[in-house]
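Nothing here was measured: the structure is a model prediction, and the numbers come from that model. Chain letters run A, B, ... following the sequence lines, proteins first, then strands; residues in each count from 1.
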Amino acid sequence: MISEHSLEEAADRPGPISARPVPHPWRWVAVAGIAVLVAMVASSLLTNPRWDFGLAAQIMIQKPVIDGLLKGTILGTVGSMAIGVALGIVIAVMRISENPVLRGVSFVYTWFFRAIPRYVLLVIIGSGIGYLYNTLQVGLPFGQQIAGWLGLSSDLTIGSLNVNGITGSILGGILGLGLSEAAYMAEIARSGILSVDPGQREAAQALGMSSGKTMRRIVLPQAMRVIVPPTGNETIAMVKDTSLLIAIPVIAELNYQTSAIANRIFKIMPGLVASTAWYLIICSALMVGQYYLERYYGRGFGQQRPKTRRFARPAGAGGA
Amino acid sequence: MATPAGSGADRPLVRAVNVTKSFHGTQVLKGIDLQVRRGQVVCLLGPSGSGKTTFLRCINQLESIDGGRIWVDGDLMGYREERGTLHRLGDRQIASQRRDIGMVFQRFNLFPHRTALENVALAPIEVKGISKQAARERGLQLLEQVGLADRSAAYPAALSGGQQQRVAIARALAMDPKLMLFDEPTSALDPELVGEVLRVMRDLAAAGMTMIVVTHEMGFAREVADHVVFMDAGVVVEEGPPSKVIGNPQHDRTRAFLRRMRSEEDRAQL
Ligand SMILES: Nc1ncnc2c1ncn2[C@@H]1O[C@H](COP(=O)(O)OP(=O)(O)O)[C@@H](O)[C@H]1O
Ligand SMILES: [Mg+2]
């Protein structure tokens, strides 16, 4: 039974809220200021002929530039980050192991490779290693000495490699950048592993998983949530650090090739604009990749949105 | 009841003798003896800090013990005895000893990056090498058993505490354990969610599962336990059937503890 009185009351009950938002006058001042700055920059870009974007665009698509982009910058980034992430995780796991020797090795590794500048490391790998060790011989450790003591004619070598052919190429560059990256990745991976609740490891062990399986199936997948964002940072930094490949020296690399062309035709700025544009494009692509990785590893943590509602507005913000 | 050692079904499933354990020089287990027969439900009672959790973790070697021995189904836990010398078992061997012992934690410890069904099916796939298909089917069956068939695709964060703990029980059961260890499975739950977890545990006990349960739920201990052990300060103070230990305790420490529990329960009911 609804009485007139209660109906009246129901009509009086507050309905949906439609309130004025908090005023933000300074925001509009900032927007205006930024708009002026953008207009100034845009006008200078468009009116100053020395920018010469047409030439920059042409430099961008020269064959040596594209070659350098693919074989130096992109391959170098992919290869060195692959080494960096894989080795970094191994070093991080060693660092938190119960074996003091492994912990020590991991510590010394991180200490050394974080201390040495990448440029110096690449010079050492590119020129120094080949000078110190002409050929790499694969065989027993101390095979030559052992053969000497035993009076053998063979030196127990199974095969040998031309060291200069490797260290003086993009492979040497990938190795150097990868070894250096591993030291940073190790710290990132370690903080990721430590961020996982110890109860997770115990639950996995109580189910009969070995330590290795617990690490691979339970701890690392959860650590990735913490590891991915700074790794995106590292990857983007690495894209730019491939310009250090010249220290090997490897010249098939984006920045070297654009400036080589620019120097030849005495147009320095268009060359720099060309390489900057390529770096911007690569980094944009990487940021998209990072978004999807973060979403994948964030599953179950309430960060991911269901796929079908990816572009839905947050609840409450919508309106007619 | 005396039977020759090692004779099949009458041998206790769990036999702990004079178990000691210290943390940083402080002894928290001071010679615990316990026997659990197949199909028995043993409830471990005792005040906080008395070593109940530590003892449970020693049984499945999440902690190593300093002294004494623990056998589960005739296997010496954590060690291999050879001509009077003990050899510590390796990681893999200890892992394989744990396979037959399910454990349920106070804080659930579900894998947050896996759905309820994946939580249940993971260990059979990874540890036992069962096919994904078979593990999923069995997982669904177990989720149904704990009343959660409809939540199989939910991530733990989307489940209530009681639901999470029931998934955790299903996850442990998926390994077909011969022994289940429960460490205060309802202590982290809102009061209205305790019942659904205890119900699953009652069903499990009725189905003949051997269980060691650390709990403060006196009603559960009284009704479900075959044997109650009261621990305090690292020793077993008193043990026996619930009618004796809870109904007619002989020791002052047991009485004081039970009085405290009762007044807490009364307060909860107000
Ligand atoms: N990993 C550990 N390190 C140091 N001390 C611990 C550790 N685990 C437990 N203890 C101590 O051992 C004692 C017994 O703890 P616990 O077994 O958790 O008791 P209960 O489960 O009965 O409350 C407590 O004093 C606790 O502080
Ligand atoms: Mg406890």
Are more than 12 heavy atoms, taken from residues, nucleotides or ligands other than B/Phe23, located less than 6.0 Å from that residue's CZ atom?
yes
Looking at B/Glu81, I want to see if its CD is surrounded by more than 12 non-hydrogen atoms of other residues, nucleotides or ligands under 6.0 Å.
yes
Heavy atoms only: give me the nearest B/Phe105-A/Ala206 pair and the separation to one decimal.
CZ-CB, 4.1 Å
A/Arg118, CZ atom: more than 12 neighbouring heavy atoms under 6.0 Å:
yes
Where on B/Ile101 is there a heavy atom nearer than 4.5 Å to chain A: the side chain, the backbone, both, or neither?
backbone
Should we say atom CZ of B/Arg199 is surrounded by more than 12 heavy atoms from elsewhere, each under 6.0 Å from it?
no
pair B/Pro112-A/Gln200: side-chain heavy atoms closer than 4.5 Å
yes
With a 4.5 angstrom heavy-atom cut-off, could you sort out which part of B/Phe111 is near chain A: side chain, backbone, both or neither?
both
Chain A: which of B/Arg99, B/Met103, B/His113 shares the most heavy-atom pairs with it under 4.5 Å?
B/His113
Spell out, as yes or no, whether a donor-acceptor pair under 3.5 Å connects the side chain of B/Asp91 to the backbone of A/Ser211.
yes
Given B/Gln97, B/Glu126, B/Arg92, B/Gln61, the one with more heavy-atom pairs under 4.5 angstrom with chain A than any other is B/Glu126
Do A/Leu207 and B/Val127 have side-chain heavy atoms sitting under 4.5 Å apart?
no
Mind checking whether A/Glu202 and B/Arg57 have side chains closer than 4.5 Å, heavy atoms only?
yes
Report, as yes or no, whether the 6.0 Å neighbourhood of atom CZ on B/Arg88 holds more than 12 heavy atoms from other residues, nucleotides or ligands.
yes
In terms of heavy-atom pairs under 4.5 Å with chain A, the winner among B/Arg107, B/Arg98, B/Arg171 is B/Arg98
Just wondering, are more than 12 heavy atoms of other shown residues or ligands nearer than 6.0 Å to CD in A/Gln145?
yes
Tell me, side chain or backbone of B/Leu110 under 4.5 Å from chain A's heavy atoms, or both, or neither?
backbone
